[in-house]
Asks: 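Before I ask anything, let me first share the structure, which is written out below as structure tokens.
These numbers come from a predicted model, not from an experiment.
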Amino acid sequence: MSVRRMKWKCISGMKYDFETVIRRENVGSGKWNEIKDTLGFFPKNVIPFSVADMEFVEAPEIVEGLKQFLDKSVLGYAQPTIAFKEAAKSWLSRRHGWEIDTEWIRDTPGVINGFFTAVKAFTQEGEGVMLMTPVYYPMYAAVTRHNRVLVENKLIRMGDTYEIDFTDFETKAKDPNTKLLILCSPHNPSGRVWRREELERIGRICLENHVLVVSDEIHFDIVSPGYKHIPFASLSPEFAMNTITCTAPSKTFNLAGLQTALAIIPNPELRQKFYEEQQKDDGNPKCNILGLEGCRIAYTKCEEWLEQVKAVIEHNRQIIITFLAREFPQIQVMKLEGTYLLWIDFNALGIECHELAHLLREKAHLFFDEGYIFGEDGAGFERWNLACPTKYVEEGLERLKMVLNSVLKKGE
Ligand SMILES: Cc1ncc(COP(=O)(O)O)c(C=O)c1O
């Protein structure tokens with residue numbers, strides 16, 4: 001049956017526009033340009049479910065706020081304002097129950113930049129950095145590009161979710177060469193939101209073994225109904241003193257192009273070392289003046305937009321789950337506890353993973369993030385970005401069905 005003929009409960013009472021399709025070819029979108037680079041042209045009907053930014057119209061509060069800012073400002077060199085730091089502090093308190101001091105905040109041009117700096121500041125070449133894999137691919141680059149040793153703690157697949165292999169985690173943390181953990185919380189791509197007990201266990205093991213924690217919490221605002229994100233450093237003063245938390249408004253409010261993120265470092269010595277590394281490495285890293293203002297506006301004026309965007313993400317997820325369960329029950333959709341990135345296992349179809357990517361791109365003009373880029377255990381998965389107009393999801397499912405059926409029929 002066609003996805004459009006299936007009955008969906010509509011989302012009613014939306015104040016914001018989440019349906020307008022904005023084509024982003026030739027406007028400098030990284031995600032869209034990658035598509036052109038792959039195919040050699042922009043197909044008219046391309047649907048991008050790949051890189052984790054949103055295909056929605058920006059929140060009008062941000063657009064209006066930035067226009068007003070431009071009317072009264074000049075675009076000189078920027079430094080984080082008190083208003084920006086206070087907005088972040090208040091957001092962390094209101095939304096995540098974490099009370100911070102504004103002094104703990106260091107601005108960085110991005111979360112990737114934040115964990116790259118941390119790896120360089122707090123480890124030496126040849127020392128071990130632990131990742132819980134499969135994981136967001138630039139985390140591997142943070143380790144290997146700086147000649148650190150990758151210490152892999154593989155997550156254990158349990159049906160439609162993952163668990164932490166704590167025996168392996170502890171053994172690896174105990175190795176004196178392991179100096180740092182990059183924790184991804186919520187976890188991309190598995191969609192896990194770590195429970196309090198899991199975070200406490202991670203924290204205890206790291207403290208006992210002098211492993212510093214860099215907690216990437218960029219996805220912390222997008223958590224599925226029934227789940228709660230807990231900032232790792234909020235769990236205890238001891239954890240806080242052993243943690244660098246990297247986060248940003250960029251996933252939540254689609255501001256990645258404004259390149260503004262926060263490294264929150266309660267421990268003054270670590271904060272100083274982080275700062276020195278920033279100075280050393282990047283000369284003089286600067287945030288973007290519009291990013292600082294965009295972040296301030298988002299954290300003070302856009303909570304209603306966020307609640308509505310979460311409803312759309314959940315709606316899109318439901319459509320995919322229902323459709324795939326009916327048309328391709330062999331495909332396993334992993335449980336989505338957090339992030340707007342649905343992790344889907346196509347392995348049971350028996351299509352080789354590069355072949356699958358090729359088919360989806362070339363025959364259906366559908367672009368996902370391929371599972372294998374997140375590590376070898378991601379092979380055969382596709383990561384589906386749900387932050388897009390629902391009509392993209394409906395059309396994407398139709399094309400997915402067509403392509404898969406054509407291949408599966410041939411193999412019969
Ligand atoms: C876990 C995670 N960390 C960091 C980033 C990128 O952060 P930034 O754009 O601030 O460097 C992403 C983007 O998808 C992500 O998923």
Asks: If we ignore hydrogens and angles and just use 3.5 Å, is the side chain of Ser215 paired with the main-chain N or O of Glu217 as donor and acceptor?
Replies: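 No, the answer is negative, given that no donor and acceptor are paired below the 3.5 Å cut-off.
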
Asks: Please walk me through it: do Thr117 and Glu277 pass side-chain hydrogen bond (donor to acceptor under 3.5 Å, both in side chains)?
Replies: CA-CA 6 Å; Thr117 300; Glu277 185 63 43; over 6 Å; no

Asks: Other residues, nucleotides and ligands only: do more than 12 of their heavy atoms fall within 6.0 Å of CD on Gln79?
Replies: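 Open.
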
Asks: Looking only at heavy atoms, what is the nearest atom pair of Asn209 and Ala173, with distance?
Replies: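 What the structure gives for the nearest pair is CB-O, 3.3 Å.
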
Asks: Do Asn177 and Asp175 have a side chain donor and acceptor closer than 3.5 Å?
Replies: no

Asks: Name all residues meeting the salt bridge (Lys or Arg N to Asp or Glu O under 4.0 Å) criterion together with Arg145; count only those two or more places apart in sequence or in a different chain, and write none if there are none.
Replies: none

Asks: Do Lys154 and Asp168 pass the side chain to side chain contact (heavy atoms under 4.5 Å, CB included) test, and can you show the C-alpha distance, the side-chain angles, and the key distance before you say yes or no?
Replies: CA-CA 8 Å; Lys154 287 178 181 257; Asp168 178 74; 5.9 Å; no

Asks: Ring centroids only, cut at 6.0 angstrom: are Phe116 and His146 within range, meaning strictly under it?
Replies: yes

Asks: Shortest non-hydrogen contact from Ala248 to Leu262?
Replies: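 Looks like CA-CD1, 4.2 Å.
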
Asks: Could you check whether Arg317 pairs with Glu314 (Lys NZ or Arg NE/NH1/NH2 to Asp/Glu carboxylate O, under 4.0 Å)?
Replies: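 Between Glu314 and Arg317 there is a salt bridge, with a charged N closer than 4.0 Å to a carboxylate O.
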
Asks: With rounding to the nearest 0.5 Å, note down the distance linking CZ in Arg326 to CG in Leu397.
Replies: 12.0 Å

Asks: Just checking Phe232 against Trp194, ring centres under 6.0 Å apart?
Replies: no

Asks: Ignoring hydrogens, what is the shortest heavy-atom contact between Ile182 and Leu131? Give both atom names and the distance.
Replies: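 Heavy atoms of Ile182 and Leu131 come nearest at CB-CD2, 3.7 Å.
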
Asks: Indicate yes or no: does Arg157 engage Glu163 in a salt bridge with an N to O separation below 4.0 Å.
Replies: no

Asks: Using a distance-only test with no angle check, is there a side-chain donor-acceptor pair under 3.5 angstrom linking Thr339 and Asn188?
Replies: no

Asks: Just checking Glu19: does its CD atom have more than 12 heavy atoms from other residues, nucleotides or ligands closer to it than 6.0 angstrom?
Replies: yes

Asks: Apply salt bridge (charged side-chain N to carboxylate O under 4.0 Å, His left out) to the pair Glu99 and Lys89, showing each step before the final yes or no.
Replies: CA-CA 7 Å; Glu99 303 304 329; Lys89 175 183 158 82; 5.3 Å; no

Asks: Table please: side-chain donor-acceptor pairs of residues 359-371 below 3.5 Å, with sequence neighbours left out.
Replies:
residue : atom : partner : partner atom : Å
His365  : ND1  : Asn45   : OD1          : 2.7
Asp369  : OD2  : Arg383  : NH2          : 2.9

Asks: Under the side chain to side chain donor-acceptor pair (under 3.5 Å) rule, collect the residues that match up with Glu238, sequence neighbours excluded.
Replies: Ser236

